[in-house]
Amino acid sequence: MKRRPTRPHHRRSALTAWAFLAPLVLYLALFYVYPLYRNVELSLRDYTVRSFVQNDAPFAGLKNYGEVLQDATFGPALRNTLIFTLCSIVAQYVIGLALAVFFNRSFRLSATLRALFLVPWLLPLIVSASTWSWMLNSESGVVNYLLRAVGGDNVNWLTSPEWSLTAVVIANIWIGIPFNLVILYSGLQNIPAELYEAAALDGAGLWQTFRRVTFPLLRPVTAITLLLGFVYTLKVFDLIWIMTKGGPGSSSTTLATWSYQLGFGSMLPHFGPGAAVGNLLIVIALAFGLLHIHTQRRQEE
């Protein structure tokens, strides 16, 4: 007959479990919980530079949120954020999926070409943004040089209100394609080859095989890829700031760049409204995360 574990044994097991969890809990508390708390606290007080240093800002309630929502920049920033995010993730996913399907077939130099496609993902973002700024320069950029070579006119990619948002979207699509390629290619590798053989025996063509076999089995991978892409793209700041600084005017301003402009972009920073815009971004990302979880649960039922 087995003896039941004694109480000291249970206590030691609990202490061991907490010892393993402690680094993770400490990390989450320092780098997630505290910054989030601090950002919420900033958005609920009327901070100035003096009160920020002395930590005696008066409580303002939802005043900063009302100020942000009534600001003339809020509408364009929200619209630009949605356009930037949706256009980026759709194009990244479509191109990434096409490349993943292409590389899923074994051929010579396949691994080498896949590695080359990872270069945009591996480069520091400041390098990628600076490179695109040079390529899209109105006078000396290689893109306008090619346009002139085929008889086109110069385009003021970074200094025109009509083209600045398009310019940062193009750069962001280029940066995000490798992520989609890697995730979707991994998903394709997990689809059994027997299913493709069965589809071929049934006389299915390439498009029918993709529509009836590949794409349905990629849905779980597609869902997480789009969710991660959405959350990442929603908060993109450095790429836009380096290329256009949100301008000219507010033509390429997003909620992320506007939050920075409010908090740090002038000699008289508005910490409260800047934090409020950041919290709105968090709420939008959280809403889509909860929507993803709800959708996944319904599919599993």
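By convention here, the first residue in the shown sequence is residue 1.
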> Judged by atom type as modelled, is there a donor-acceptor pair below 3.5 Å linking the side chain of Ser251 to the main-chain atoms of Pro248?
Replying inline: yes
> From Leu239 CG over to Ser128 OG, what is the distance, rounded to the nearest 0.5 angstrom?
Replying inline: 8.0 Å
> Is there a side-chain contact between Trp241 and Gln261 (heavy atoms, below 4.5 Å)?
Replying inline: yes
> If you count the non-hydrogen atoms of other residues, nucleotides and ligands that lie under 6.0 Å from CD1 in Ile126, is the total more than 12?
Replying inline: no
> Under 3.5 Å, is there a donor-acceptor pair between the side chain of Ser51 and the main chain of Thr48?
Replying inline: yes
>> Just verifying a value: how many Å separate Leu255 CG and Leu281 CG, rounded to the nearest 0.5 Å?
In response: 5.0 Å
> Is the backbone N or O of Asn172 less than 3.5 Å from a side-chain atom of Gln92, with the two atoms forming a donor-acceptor pair by type?
Replying inline: yes
>> Taking the six-membered ring for Trp, are Phe103 and Phe117 closer than 6.0 Å centroid to centroid?
In response: yes
> For the residue pair Ile191 and Leu195, what are the closest heavy atoms and their distance?
Replying inline: CG2-CD1, 4.3 Å
>> Quick check: closest heavy atoms across Ser138 and Asn154, and the distance to 0.1 Å?
In response: O-ND2, 3.2 Å
>> Parallel, tilted or perpendicular: which one describes the rings of Phe210 and Phe215, with boundaries at 30° and 60°?
In response: tilted
> Could Arg45 and Glu41 be called an ion pair, given the rule that one side-chain N must be under 4.0 Å from one carboxylate O?
Replying inline: yes
>> For Phe230 and Leu234: C-alpha separation, side-chain torsions, deciding distance, then whether side chain to side chain contact (heavy atoms under 4.5 Å, CB included) applies.
In response: CA-CA 6 Å; Phe230 179 86; Leu234 193 67; 4.0 Å; yes
> Judged by atom type as modelled, is there a donor-acceptor pair below 3.5 Å linking the side chain of Thr225 to the main-chain atoms of Val221?
Replying inline: yes
> Is there a donor-acceptor contact under 3.5 Å from the side chain of Asn190 to the main chain of Ser186?
Replying inline: yes
> Under 6.0 Å from the OH atom of Tyr32, do we count more than 12 heavy atoms belonging to anything else shown?
Replying inline: no
> For atom CZ of Arg38, is the number of surrounding heavy atoms from other residues, nucleotides or ligands below 6.0 Å larger than 12?
Replying inline: yes
>> Can a donor-acceptor pair be found, under 3.5 Å and without considering hydrogens, that links the side chain of Ser252 to the backbone of Gly247?
In response: yes
> Have Ser43 and Tyr65 got a donor and an acceptor in their side chains that come within less than 3.5 Å?
Replying inline: yes
> Can any side-chain N or O of Ser250 pair as donor or acceptor with the backbone N or O of Thr253 at less than 3.5 Å?
Replying inline: no
> Sequence neighbours excluded, which residues qualify as side chain to side chain donor-acceptor pair (under 3.5 Å) partners of Gln54?
Replying inline: Arg50
> Under the side chain to side chain contact (heavy atoms under 4.5 Å, CB included) criterion, do Arg114 and Val182 qualify, and how do the steps go?
Replying inline: CA-CA 9 Å; Arg114 277 205 319 273; Val182 169; over 6 Å; no
>> With a 4.5 Å cut-off on side-chain heavy atoms, are Tyr196 and Thr214 touching?
In response: yes
>> Show the nearest heavy-atom pair for residues Pro216 and Pro220, with the distance to one decimal.
In response: O-CD, 4.4 Å
> Between Leu62 and Leu44, is a side chain to side chain contact (heavy atoms under 4.5 Å, CB included) present by the stated rule, with each step listed?
Replying inline: CA-CA 6 Å; Leu62 299 178; Leu44 296 177; 4.2 Å; yes
> Looking at Leu165 and Phe84, what are the two nearest heavy atoms and their distance?
Replying inline: CD1-CB, 4.3 Å
>> Run Phe179 and Leu228 through side chain to side chain contact (heavy atoms under 4.5 Å, CB included) and show every step you take.
In response: CA-CA 10 Å; Phe179 171 78; Leu228 292 176; 4.0 Å; yes
> What are the two closest heavy atoms between Phe74 and Leu280, and how far apart are they?
Replying inline: CE1-CD1, 4.1 Å
>> I'd like to check Arg148 versus Asp153 (side-chain heavy atoms, cut-off strictly below 4.5 Å). Are they in contact?
In response: no
> What is the minimum heavy-atom distance between Ile175 and Leu125, and which atoms define it?
Replying inline: CD1-CD1, 3.3 Å
> Is the Trp132 ring parallel, tilted or perpendicular to the Trp174 ring (thresholds 30°, 60°)?
Replying inline: perpendicular
>> Between Asp71 and Thr73 (side chain of the first, backbone of the second, donor and acceptor by atom type, cut-off under 3.5 Å), is there such a pair?
In response: yes
> Does Gly278 offer a backbone N or O that forms a donor-acceptor pair with the side chain of Asn39 under 3.5 Å?
Replying inline: no
> Is a side-chain donor or acceptor of Thr257 paired with a backbone partner of Thr254 at a separation under 3.5 angstrom?
Replying inline: yes
> Taking atom CG of Leu201 as the centre, does the number of heavy atoms from other residues, nucleotides or ligands within less than 6.0 Å exceed 12?
Replying inline: yes
